[in-house]
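Reminder, nothing fancy here: chain letters follow the sequence lines and each chain counts from 1.
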There are 2 protein chains.
Amino acid sequence: MTALLQQNIASHISLSEDETEAFCNLFQQQVIKKKSFLLREGEVCRFEGFVTRGLFRVYHIDQNGFEQILYFAIENWWVTDIDSFTNEKPSQLYIEALEDSTVLLISKKNKEFAYANLPKIEKLFRVMTQKTHVALQRRMIDNLSKTADQRYLDFREKYPNIYSRLTNLQIAAYLGISHEFLSKIRKKLAENK
Amino acid sequence: MTALLQQNIASHISLSEDETEAFCNLFQQQVIKKKSFLLREGEVCRFEGFVTRGLFRVYHIDQNGFEQILYFAIENWWVTDIDSFTNEKPSQLYIEALEDSTVLLISKKNKEFAYANLPKIEKLFRVMTQKTHVALQRRMIDNLSKTADQRYLDFREKYPNIYSRLTNLQIAAYLGISHEFLSKIRKKLAENK
DNA sequence: CGAAAACATTGAACAAGTTCAATAAATAGC
DNA sequence: GCTATTTATTGAACTTGTTCAATGTTTTCG
């Protein structure tokens, strides 16, 4: 059940078998149907999740009712609202399953237990947060400097296995453009081939 | 010399006096003149810095020669290229002093010493990275959803003490717009008052 | 399978933001 | 205090992206 999680951890830091097992035992599996929500705006996020099957989108709805997608999470990705989870405050985000999915969830209590009893876990989450942060910095720069065409091509190239499972609506909401404009970009690209 | 640093640390986690002192001793002070660089593209970032005086900008130059400012750092802020520092790879960023400045720098070796010998330091950097990450997520969403006018107003309101020390060129590069357009926004806002 | 819903495409009119060039204002450094 | 340099403003033409509305296509699910 936690094979993928164990592998994921090993890709960040080295843990003994005992430590790995102890940590993985702190997770609970949850199966969630397509179009259901792991989290809605206003709720406090009570988990940090590791996706073992399926696809989630993490998004925000702005004052004009538009959705901005912060990120997608497929198998082998982590998903949470770190601000809400850490500070136990109401979330501004929605986390929705876009496919029938399975996640391994760890509660705040269990995560704190891990921090207290498994010293390397602190390092694990520091390293993971750093990596996520670097990726977001990269995306920030790209969004500031690149045109929508280029961002679309970059996304398709960088995450082909996420791309292929998404609708254009989702991709547009991630790129920060209207889906009509995305459609026009796709047409233009198709013509120039 | 490290009073501000000590105070900054205390705002994230609690450390004993001994721990605080041991950690702060791992930093070296560096004074740096306006328009000088702490880091240039292509160099490996050998430090993590804490600003005690002055103002820095951290930016990237894209393939068209345009500058995107990732963030500013004034007194009481940290500054580094975390990707380059952590992975000892060439940086894609520039870090430039926009005023005569002073930073406290910690080397990778000393930081690793801290991780190994002062267990709470791992937590300190996990917590700080998390906070920075949350702020960047917020900025990402704002950049996707808000118009340049609004982003300008938000920036002015959120960081008045940084704003007042910047030229419009710097602010435009941070907001991701041309400085001419920023000038027009400012004009429009001034008229509607 | 068939109907309803969700998704994708297209065009026309519009809004947001850029580019270039010219000029004015402010600042830095000697 | 003067001059060179950097910064700020403005206008006109242009590009990028949005909005709205209409139509076609694909998926979903009872």
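For A:Leu169, the listed nucleotide lying nearest its side chain is C:dA8; candidates were C:dT10, C:dT18, C:dA8. Of all nucleotides listed (C:dT9, C:dG11, D:dT7), C:dG11 comes nearest to the side chain of A:Lys187. Taking every side-chain heavy atom of A:Lys34 into account, D:dT28 is the closest of D:dT28, C:dA8, D:dT19.
Within the 4.0 Å cut-off from OP1 or OP2 of C:dT9, at least one side-chain nitrogen or oxygen of A:Arg186 is found. OP1 or OP2 of C:dT9 has at least one side-chain nitrogen or oxygen of A:Asn168 nearer than 4.0 Å. At D:dT18, none of the side-chain N or O atoms of B:Thr147 fall inside 4.0 Å of OP1 or OP2 (strictly under the cut-off).
In this structure, A:Arg57 forms no cation-pi arrangement with A:Tyr174, as its terminal cationic atom is not both closer than 6.0 Å to the ring centre and no more than 45° off the ring axis. B:Arg165 forms no cation-pi arrangement with B:Phe72, by the criterion of a distance under 6.0 Å to the ring centre and an angle within 45° of the ring axis.
Note: A:Gln137 CD to B:Ile82 CD1 = 8.5 Å, rounded to the nearest 0.5 Å.
Taking the side chain as every heavy atom from C-beta outward, B:Met128 and B:Asn8 approach each other to under 4.5 Å. Side-chain contact check for A:Val127 versus A:Lys131: some heavy-atom pair is nearer than 4.5 Å.
At the heavy-atom level, B:Ser183 lies under 4.0 Å from base atoms of the strands shown. Using a 4.0 Å heavy-atom distance criterion, B:Lys35 is classed as making no nucleic acid contact. Across all strands shown, B:Ser178 has heavy atoms under 4.0 Å from base atoms, whether or not it also approaches the sugar-phosphate. At the heavy-atom level, B:Asn64 lies nowhere under 4.0 Å from the strands shown.
Between the side chain of A:Lys184 and the base of D:dT15 there is no donor-acceptor pair of N/O atoms closer than 3.5 Å.
For the helix from C:dC1-D:dG30 to C:dC30-D:dG1, the terminal axes (five pairs an end, C1' atoms, rotation from four pairs onto the next four) enclose an angle of 70°, given to 10 degrees.
A side-chain contact (heavy atoms from CB on, under 4.5 Å) with A:Tyr152 is found for one member of A:Thr147, A:Asn168, A:Ile171 and no other, namely A:Ile171.
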